[in-house]
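Scroll down for the structure; my scribbles are underneath it.
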Amino acid sequence: MSTAKADILARVRGALGPSPVVPEIPRTYRLAGTLVRDAAVVDLFCETVSEYKATVHRVAESALPDKVRAILGEGLRVGVPAGFRDLGLPVIEDRGLSVAELDELDAVVTGSALAIADTGTIVLVSGENSGRRALTLVPDHHVCLVAASSVVPSVPDAIAALGPDAPITLVSGPSATSDIELDRVEGVHGPRRLDVVVFG
Amino acid sequence: MSFQSAAKVTLKDAQLRRNIGKATTLIREKRLRAVAEVPDWEPLRDAGEAIKAHTMATLPEQLEKLEAAVTAAGGVVHWARDGAEANAIVASIAKRVGTDEVIKVKSLATDEIEMNEALEAEGIHALETDLAELIVQLNPEDKQSHILVPAIHRNRAEIRTLFEQTIAQGQSLGNEASAIAEAARLHLRNKFLTVPMAVSGANFGIAETGTIGVVESEGNGRMCLTMPRVLVTLMGIEKVLPAWQDLEVFLQLLPRSSTAERMNPYTSLWTGVRPGDGPQEFHLILLDGGRTNVLADEVGRAALHCIRCSACLNVCPVYERVGGQAYESVYPGPIGAILTPQLNGLGSAPSLPWASSLCGACYEVCPVKIDIPSILIHLRGRVVREEKSRLTPEALAMKGMAAAFSTRRRYEAAQRLAKLGRGPIVKAALPGWTAMRDLPEPPKETFRDWWKREHGEG
Amino acid sequence: MKVALFITCFNDTLFPGAGKAVVTLLQRLGCEVEFPLEQTCCGQMHVNSGYEHEASGLHDRFARVFADYDAVVSPSASCTAHVRERIESVGGKVFELTEFLIDQLGVVDVGASFPHRVTFHPTCHSLRLLNVGDRPLRLLREVRGIDLVELDGARECCGFGGTFAIKNADTSMAMLSDKVRHVLDTRAEVCTSADTSCLMHIGGALSRGRTGVRTMHIAEILAAQE
């Protein structure tokens, strides 16, 4: 045990005294599972995410490739996670792309783990579907596919469905800043364009 | 400098007052709307308050669990008694990595321990990547003035001019805020992709799982947390949360209180090292830096519950007028007035507990219900007891008044003196008042004289 | 109903009119008002200035003086909040005037008449420590002839804050100047509130600026039958 650790813990114990009162935590807020998960939740998600200036598209699963092609047009360098679903367009799979190669991508298409209706948030969990973190960060345009069945009503619903095993990125709209006069301005270091395709 | 003297200077800066007034007015209204749409806001605040109090009461256990979990996930945990120890740890890692430059995510803890200056002294340049921190860093004369938006005292035109003269190298940027953001993007892009080491702060560290969380907007955080080979996170020991589930409370309370959004653009959560994804070397430094002193004060320790949302700054009528720099601390505003004197010792900032009219607006908005006014009063008492002579004119006046009010006879005698413009009541109140305000005409008779005349001494 | 008046040392010495108005008003509403002459000061200024020790004798004294009354009424929201929080034995039966009228007596129309343009400043302690809400406004709306105008930025502190007004005089004045500007924007003849301390502060600037706007405690308006 380092001395710094021992010292700090001793100071903490000294500060708290022999029998600190440990309060109970009242969890009377809306816990996971409180809210109904119906079609209205998907509508709400589409509404909240579009308020962040993300572009929202809603399609049947069979129409996904057409929609993605329509969003991206032709001739772009499009990255996807390795082994990603067939989009019917030429893609560059991320099998350990270098930083320079990531930087050359015009756009990236990935899936997502789930989405939160209440806050318009997409949850990316590092792995086969969402890709690794750099893939959805370096390219300037992110097309994110969200299964309608993965939309949960609230933040507690999402936290209950997630765990610490892989890195998680919560995305609520394109990159933005509030640093100029406390007003939200879109487009800083993250992807400046975010298309959200809700399917199924 | 005392708060009073520092405020005298900043109050004269009309541009600063306009900039801060405009920004805080806007964010206040937005926060009200963001909070109003959450039906269980009060239960969330209650939970947030209790989780923090629970954490503080079990802090040794939580910190040891956090260390074990981070280590198990491939991270390295360091403990730092003070800023100098923390800075030395970061410098030694940078030297081993062999870099003379690190990229930084905005972190108040690193500002608090002056990490940038310490690294600079070791020949390592720390590049701030948050837009507002960059604005402050680009102007050597400037200082942070807000927890969330350190450059809140700068308006768009001032930022544009600064950028044109520095990172845009004389190129004209136009009047759109997006052009300013674009200039920052171009300036930092290559750094994000090439610098091998980043330093961040932490919004949360989950003891149960070893997960660290950073809440941000621009994506500079994601860049720093993802692209470099080595990541060092500095976290105050009070930022630990016991359980994964606790995230559901703070991820609702923080964004709406802070930028008044339903959710901030990006939140990153990571646990140790993930092969093939992000930094392959992760260090977590747990910093005391005066926090255990705060913890030792049973009333004042609630200041450690702060989640750095800055809602209290945005509603504070004092902060709105004087700006953040008058507080002469990384932590300005109401939370700074209770945190700074406790972290650094009462003697270092004895005037800060008085930098408030006790209007209570801060307590009303605090997402974890820190009773800032009560702590201010408590700290005033401590300053009076521990730092001041018992013979100051104020102490004597207070004693004089307490004595005068202790019996009816003395009280009535003091009232008679007050009518004549003398005695303890007048002595305590008169100076400073009439310089800028009129005093009311003294009444011909006191209330009790009237009552006695009407009803007898009964 | 028999009630004791807790006048506060500040009103007793400087603003007897507020106390007299409370007596007039409560008697008109059928209360029997007593004024315990042994009362002095509740100790708020001491506590808020860091002199808690000096206040403890005053707290004990307050508890003794008001121990035998069923209800205590005060024309000060700020002092009411202080005794309610700090003096456990009697704090619960001390009411700020507008709370007392609405919650204890159950009246909203107190039979007042005051044909003037009036704006109301809700003081911080009435709003955030006592949570009086819109009680004062509900009472004022029933006053005959009153032209009640809303005050912009009403919830914002006037900058008084007890010794804050003296210790941080420059900041206090910066807050006050905004409050005064909002008062003048209403074109009211009278600015009223539930605390004469804040009114002394606002009134001091209104007078220095020769604005002609008067300040009156809310009790004085509710007692008026012009």
Side-chain angles (χ1 to χ4, degrees), chain A residues 2 4-5 7-9 11-16 20-30 32 48 52 96 99 103 118-121 126 132-134 137-138 155-156 159 163-190, chain B residues 22-23 26-27 40 43-44 46-47 50-51 53-54 57-60 79-81 85 131-132 149 151 155-156 159 177-178 180-181 184-185 193 209 211 217-220 222-223 226-227 244-245 247-248 251-252 259 262-271 274 276-278 288 292 295-296:
Chain A
S2 75
K5 176 180 173 184
D7 280 358
I8 292 170
L9 289 178
R11 283 188 208 164
V12 171
R13 290 196 178 95
L16 290 173
V21 181
V22 183
E24 289 293 312
I25 298 164
R27 294 194 192 265
T28 53
Y29 56 86
R30 293 173 300 172
T48 49
Y52 294 125
V99 173
D103 199 25
D118 190 32
T119 58
T121 302
S126 181
R132 63 177 164 134
R133 285 176 289 171
L137 175 61
V138 177
V155 174
I159 295 300
D165 296 336
I168 294 169
T169 309
L170 308 184
V171 177
S172 306
S175 154
T177 182
S178 302
D179 283 357
I180 304 162
E181 298 174 349
L182 270 175
D183 204 5
R184 183 164 166 148
V185 180
E186 273 72 19
V188 200
H189 305 295
Chain B
K22 184 180 168 199
L26 178 79
I27 196 81
D40 53 351
L44 282 167
D46 290 336
I51 290 168
H54 180 102
T58 57
L59 196 54
W79 300 70
R81 278 168 286 221
E85 283 189 354
L131 183 56
V149 187
N155 66 24
R156 188 191 298 191
I159 298 167
S178 57
I180 297 172
R185 181 181 171 99
L193 302 186
T209 60
T211 306
S217 293
E218 296 166 16
N220 64 310
R222 287 179 74 191
M223 285 286 182
T226 309
M227 303 310 291
W244 177 264
Q245 191 192 358
L247 284 172
E248 71 192 21
L251 287 178
Q252 294 191 76
T259 48
R262 295 188 179 114
M263 193 65 95
N264 50 293
Y266 301 129
T267 295
S268 295
L269 299 166
W270 74 98
T271 310
R274 167 87 167 174
D277 186 344
D288 179 345
T292 46
L295 197 64

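Atom set for the values below is all heavy atoms of this structure, side chains included, hydrogens, waters and symmetry mates excluded. Order of the sequence lines fixes the chain letters, A, B, ..., with proteins taken first and strands second; residue numbering starts at 1 for each chain. What you see is a predicted model, and the numbers here were worked out from it, not measured in a lab.
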What part of Leu44(B) is in contact with chain A, defined as an atom under 4.5 angstrom from a non-hydrogen atom: side chain, backbone, both or neither? both
Atom group of Val99(A) that falls short of 4.5 Å from chain B, counting heavy atoms: side chain
Do any N or O atoms from the side chain of Tyr52(A) and from the backbone of Val171(A) form a donor-acceptor pair under 3.5 angstrom? no
Measuring heavy-atom distances to chain A, does Met223(B) have an atom under 4.5 Å in its side chain, in its backbone, in both, or in neither? both
Among Thr209(B), Leu193(B), Thr271(B), which has the most heavy-atom pairs under 4.5 Å with chain A? Leu193(B)
Can you tell me how far apart CD (Glu218(B)) and OG1 (Thr177(A)) are? Round to the nearest 0.5 Å. 3.5 Å
Can you see whether Thr121(A) engages Ser172(A) through a side-chain donor-acceptor pair at a distance of less than 3.5 angstrom? yes
Quick check on Ile180(B) against chain A: is it the side chain, the backbone, both or neither that has a heavy atom closer than 4.5 Å? side chain
The interface call for Val22(A) against chain B, heavy-atom contacts under 4.5 Å, is both
Rounded to the nearest 0.5 angstrom, the CG-OG1 distance for Leu170(A) and Thr119(A) is 8.0 Å
May I have the step-by-step check of side chain to side chain contact (heavy atoms under 4.5 Å, CB included) for Trp270(B) and Thr226(B), ending in yes or no? CA-CA 10 Å; Trp270(B) 74 98; Thr226(B) 309; over 6 Å; no
Would the distance check show the side chain of Tyr266(B) and the main-chain N or O of Ser175(A) forming a donor-acceptor pair, the cut-off being under 3.5 Å? yes
Part of Ile27(B) lying under 4.5 Å from any heavy atom of chain A: side chain
Correct closest heavy-atom pair for Glu24(A) and Ala50(B) would be O-CB, 3.6 Å
Would you mind checking which part of Leu131(B) comes under 4.5 Å of any heavy atom in chain A, side chain (CB onward), backbone (N, CA, C, O), both or neither? both
Ranked by heavy-atom pairs below 4.5 Å to chain A, first place among Ser217(B), Pro265(B), Gly276(B), Ala296(B) goes to Pro265(B)
State whether a side-chain donor-acceptor pair under 3.5 Å links Tyr29(A) with Glu248(B). yes
What option among Gly278(B), Ala132(B), Ala151(B) has the most heavy-atom pairs under 4.5 Å with chain A? Ala132(B)
Do Asp7(A) and Trp79(B) come within less than 4.5 Å of each other through their side chains, counting heavy atoms only? no
Best-contacting candidate, Arg81(B), His54(B), Lys22(B), against chain A by heavy atom pairs under 4.5 angstrom: Arg81(B)
Could you check which of Pro26(A), Pro164(A), Pro20(A) has the highest count of heavy-atom pairs closer than 4.5 Å to chain B? Pro164(A)
Any donor-acceptor N/O pair, Asp40(B) side chain to Arg30(A) backbone, under 3.5 Å: yes
Ala166(A) versus chain B, heavy atoms under 4.5 Å apart: side chain, backbone, both or neither? both
Turns out that what part of Arg222(B) lies under 4.5 Å from chain A's heavy atoms comes down to both
Under 3.5 Å donor-acceptor, Arg185(B) side chain and Val188(A) backbone: yes
Looking at chain B, which one of Asp165(A), Asp103(A), Val21(A) has the largest number of heavy-atom pairs inside 4.5 Å, strictly under? Asp103(A)
Find the one option among Asp46(B), Leu59(B), Ile51(B), Thr211(B) whose heavy-atom pairs under 4.5 Å with chain A are most numerous. Ile51(B)
Segment of Asp118(A) engaging chain B (4.5 angstrom heavy-atom cut-off): both
Please determine, among Ala184(B), Ala177(B), Ser268(B), the option with the most heavy-atom pairs under 4.5 Å with chain A. Ala177(B)
For Asp277(B) and Arg133(A), indicate whether the former's side chain and the latter's backbone hold a donor-acceptor pair under 3.5 Å. yes
One option among Val185(A), Leu137(A), Val138(A) has the most heavy-atom pairs under 4.5 Å with chain B, and it is Leu137(A)
